[in-house]
Amino acid sequence: MKWNLSISFTTVGLLLGSLVSATPIKRSAPKPLQKTAEGGVVYELGNITYFANTKYPKAVLDAAHFEGDGLTLVPITVIVANQSTISGEYLKTTIAEYLVGDDVFSEDFLGSLYLSSTIRNTKLERSALDYIQSLNVRRFYLDSNVIHHEKAAIMLGGVSEKALPSGPYTITVLGASVSFFETYRLYRDEYRDFITGTYASNDGTDSFTALNVMCSKWWDPMIPIPSRIHFWRDSRPLAGTRVAIKDLYDMKGLQTSGGSQAWIRVTPIANTTAPAIQRLVDLGAVLVGKFKLAQFASGANPWDWVDEHYPFNPRGDGYLTCSASSSGGGCSIAAYDWLDNAIGSDTGSSMRRPASVSGTFGNRPSQGMISLEGAIPLGWAQDTAGVFSRDPHQWVRFAKIWYGDANLYQDTSITGLPPLNVPVDSGFPKRILYPTDYLPLANPAAQAILETVLSNMTQLFNMTIDRLNFTTTVTNATIFPEQETANFTNWDILGSFGGALSGYSQQVDVMGPLLTAWAELFDGRFPPVDPAWRQSWTELAQSPVNQSMYDSALKQKAVTTKWFNENILFETPESCSESMMICDIGTGGLPSFREEGLNENANASFLAVLPEGARITCANICPQFACADYTIPLGQVPYQSPITMVTEYYPVSINMIVRRGCDFMLFDLVEKLADAGIIRPVKTGRTLF
Ligand SMILES: *[C@@H]1O[C@H](CO)[C@@H](O)[C@H](O)[C@H]1NC(C)=O
Ligand SMILES: *[C@@H]1O[C@H](CO)[C@@H](O)[C@H](O)[C@H]1NC(C)=O
Ligand SMILES: *[C@@H]1O[C@H](CO)[C@@H](O)[C@H](O)[C@H]1NC(C)=O
Ligand SMILES: *[C@@H]1O[C@H](CO)[C@@H](O)[C@H](O)[C@H]1NC(C)=O
Ligand SMILES: *[C@@H]1O[C@H](CO)[C@@H](O)[C@H](O)[C@H]1NC(C)=O
Ligand SMILES: *[C@@H]1O[C@H](CO)[C@@H](O)[C@H](O)[C@H]1NC(C)=O
Ligand SMILES: *[C@@H]1O[C@H](CO)[C@@H](O)[C@H](O)[C@H]1NC(C)=O
Ligand SMILES: *[C@@H]1O[C@H](CO)[C@@H](O)[C@H](O)[C@H]1NC(C)=O
Ligand SMILES: *[C@@H]1O[C@H](CO)[C@@H](O)[C@H](O)[C@H]1NC(C)=O
Ligand SMILES: *[C@@H]1O[C@H](CO)[C@@H](O)[C@H](O)[C@H]1NC(C)=O
């Protein structure tokens, strides 16, 4: 790649003839900043930073009867018309739509223009040329599909809309060939929620490249965001949706870190993309980066993160927790308008609690909903994959599409449960189960918000609210046959079975391989891992779990799930789940901070506080009983910030829990709540609304 950007436009003037405008519009020239080792160029245009993937062009087209002049790195606008005549008015409207509907495109891309059409023999009207002239387009390329009667343009060989859709690009001209490079706007990850930005390598192998660019002044990774315009006529269901991925899912071509430097040291670059993530790509989503997670998806508190710097939460005073494992996902969705969704995972709380503290929508689906192959496991039989969003309608649409492939349901040998059945047209629950051991919320202002929503919701769906003491209900139940109660209690998520499920998965897939490889590399040494793992792995190494303990635990999980599905959230002819249980996985509306000491204040809270009398936090209900549990933001409450010393706002959310398999029913219910205005989209930044 040449660095000479002092571009001469003399020949262009000749070619454009009458098109040269009398009063030139001032346009920023691209200012090169750096090349990346992977073959790309970062440049500034106006006050915006862009990245062009110059290694693998989107398209290389030949200009007929034109010897190029060695232009390098020129911003260009591609317009693929879908009309049989192109008028000035059409171009004007189209460009206005680009400016309004896309954050990547800017007027600085209009210095050059390539006009093509999806329709053969499209006619270019005089008014179009006049309009192009008024824009002061310095170089004008026309697809050979478009008929015109002016010697005003350079004709380029045809290319399909699929190969080169409309939007901003960067070109380089070499001889007669014009290379079009995919061009991304680079956004600062100013809350440092990401590990790295990523882009599709475009090398024909479906692989990804990590963007090796950061903003050194602010220590931020830069995240490459493609133009939305490219996808406006792309019919794939998730076309152009910008998605961040938790860094425990494999993406071909990238290192999967699991949030551990030691893991990076002993594992290769991923050579395939996890099937659940590949499905997003196939549906048209763009994967813009990998976000931070608690190491190996642990539940570590912010102050116990050692390898990574803990991500920041944009809500309130900026020093609130992001919670544990999918923390970078919830917080990035709360932070960035340029990001649409984030994909995390939930084993014990890791989608739901980050959604709660960031005031976003996030779900733990039913056990088995989508494959976790190609993801670092925490516990094979309890891991699930979920999605964060700011908008209930967008969230529901995305999730239903993503989960819509029964071929990606987990095998019963993984879940230990009956095959998953997900009805799409179930009636709604008739009752809300209100667990008195977990409610009311700790903060009365938050409870008032919950009560309004409950009254709105019961009215909308004609539901009743029934109170129960969940702890007593489970404790009193006869879940296990007599002869087995010695081995398992009704609460064994805490005891042998939960421990055996995740312990054995860890031993086989994470701890085992890491300890072995590290010991070989470094004379028998134990790998540097965050404190949570150092302790539990040391214990696990001393008393390992074996396959028969695992199998037995899996059977017990099936027994408890069956009991739950018959006695608590059961099916009726009218509804997939006769009732819906509510709970709060968060802090009941009290702020929780990234600094340990701040949580000791009476007006603040630690996460995962066990209510008095309860045996488990309500986070653990669905990991034990395989149900679906969604975090729904409801509102926000004021608090006096010990950081900013003024009043800030903390998100209030509720969890909605339904029987395993009733995910689509619950999504339908969420959609109805949004239609009725009972729940609302949240915005990015300090406050939800
Ligand atoms: C760039 O400049 C424009 C106009 O001066 C301004 O509106 C915009 O906010 C600036 N953008 C950034 C990213 O600084
Ligand atoms: C052209 O594309 C736009 C979207 O960019 C669409 O709204 C319009 O219906 C299309 N027109 C035709 C004739 O296909
Ligand atoms: C991909 O990587 C895995 C794990 O490192 C390895 O077992 C497998 O052989 C590789 N496959 C290909 C096609 O390279
Ligand atoms: C509401 O539900 C009650 C039973 O809980 C039922 O008797 C009543 O008919 C229902 N009302 C409507 C309008 O569906
Ligand atoms: C649970 O058992 C205790 C003692 O046997 C009894 O007092 C209580 O009512 C039972 N609670 C439930 C919810 O069944
Ligand atoms: C539970 O323990 C009893 C003996 O106390 C044993 O006979 C039985 O097989 C055990 N059950 C399981 C599922 O491990
Ligand atoms: C598995 O471990 C349990 C408990 O330590 C032990 O009783 C059992 O014999 C082991 N089973 C196998 C197959 O090693
Ligand atoms: C908690 O908040 C209340 C009401 O704002 C205030 O009066 C009280 O002093 C606070 N307590 C602490 C320990 O900060
Ligand atoms: C629920 O039951 C547990 C166990 O019996 C008891 O400790 C607790 O106080 C009860 N909670 C409520 C709110 O009744
Ligand atoms: C919810 O209920 C409150 C009062 O209970 C009412 O003021 C409000 O309008 C209701 N909101 C919706 C969206 O129905």
Side-chain angles (χ1 to χ4, degrees), residues 316-317 319-320 361 391-393 428 432 434 440-465 483-484 486-489 492 495-508 511-512 536 538-556 582 587-593 595-606 609 632-650 652-654 656 669-682 688-689:
D317 51 37
Y319 265 53
L320 296 171
F361 295 83
D391 181 298
H393 288 107
F428 295 124
I432 292 173
Y434 183 102
L441 303 177
N443 182 339
Q447 176 66 15
I449 292 173
L450 173 61
E451 277 168 15
T452 302
V453 169
L454 287 179
S455 108
N456 292 158
M457 186 160 64
T458 47
Q459 219 170 351
L460 180 66
F461 298 112
N462 188 30
M463 288 165 161
T464 56
I465 298 181
Q483 71 276 16
E484 284 179 12
N487 325 50
F488 298 96
T489 79
D492 248 335
S496 53
F497 106 47
L501 289 179
S502 64
Y504 193 56
S505 313
Q506 286 293 306
Q507 249 173 248
V508 173
M511 179 189 93
S536 67
T538 310
E539 288 163 9
L540 194 55
Q542 273 157 10
S543 45
V545 181
N546 60 35
Q547 175 89 47
S548 65
M549 289 160 77
Y550 181 83
D551 292 344
S552 154
L554 204 54
K555 278 197 202 110
Q556 299 315 309
I582 57 167
T587 56
L590 297 175
S592 189
F593 298 94
E595 277 180 46
E596 183 171 17
L598 295 176
N599 298 317
E600 275 149 20
N601 185 290
N603 292 334
S605 175
F606 284 91
V609 177
I632 310 293
L634 304 180
Q636 54 195 357
V637 286
Y639 70 98
Q640 176 66 25
S641 168
I643 304 298
T644 60
M645 311 301 171
V646 300
T647 299
E648 304 284 4
Y649 288 85
Y650 189 78
V652 174
S653 62
I654 193 70
M656 299 184 178
L669 186 143
V670 167
E671 205 160 42
K672 287 260 185 307
L673 289 172
D675 289 343
I678 297 169
I679 59 172
R680 288 174 284 165
V682 297
L688 273 61
F689 308 108

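Numbering starts at 1 and runs along the sequence shown. As the structure is a prediction and not an experimental result, all values here were calculated from the model. Read the numbers this way: they start at 1 and go in the same order the structure lists the ligands and their atoms.
- Of all atoms in ligand 10, numbered sequentially from 1 with element shown, those under 4.0 Å from a heavy atom of Gly677 are 13 (C).
- For atom 2 (O) of ligand 7, the nearest protein heavy atom lies closer than 4.0 Å.
- Per-residue contacts place Ala676 under 4.0 angstrom from the following atoms of ligand 10 (heavy atoms of the residue considered): 13 (C).
- His393 places a side-chain heavy atom less than 4.5 Å from the side chain of Asp675.
- Applying side chain to side chain donor-acceptor pair (under 3.5 Å) to Tyr639 and the options Asn603, Thr647, Asp317, Asn443 leaves one that passes, Asp317.
- With respect to atom 6 (C) of ligand 7, the closest heavy atom belonging to the protein is Asn546 ND2, 4.2 Å.
- Side-chain atoms of Asn599 never come within 3.5 Å of backbone atoms of Ala604 as a donor-acceptor pair (strictly under, hydrogens ignored).
- Counting all heavy atoms, side chain and backbone alike, Ile632 lies closest to Phe361 at CG2-CE2, 3.8 Å.
- In terms of protein heavy atoms, atom 5 (O) of ligand 10 is closest to Ser455 OG, 3.5 Å.
- Among all protein heavy atoms, the one lying closest to atom 9 (O) of ligand 8 is Asn603 ND2, 4.8 Å.
- Residues Leu454 and Ile582 form a side-chain contact, since some pair of their non-hydrogen atoms from C-beta on lies under 4.5 Å apart.
- Within 4.0 Å of atom 14 (O) of ligand 10, at least one protein heavy atom is present.
- Residue Tyr319 places its OH atom among 12 or fewer non-hydrogen atoms of other residues, nucleotides or ligands, all under 6.0 Å distant.
- In the vicinity of Thr452, heavy-atom distances shorter than 4.0 Å reach the ligand 10 atoms 1 (C), 2 (O), 3 (C).
- Atom 11 (N) of ligand 10 has its closest protein heavy atom at Asn456 OD1, 3.2 Å.
- Protein heavy atom at the shortest distance from atom 4 (C) of ligand 7 is Met549 SD, 3.8 Å.
- Residue Lys672 comes nearest to Phe461 through the heavy atom pair CB-CZ, 3.7 Å, listed as atom of the first residue, atom of the second, then distance.
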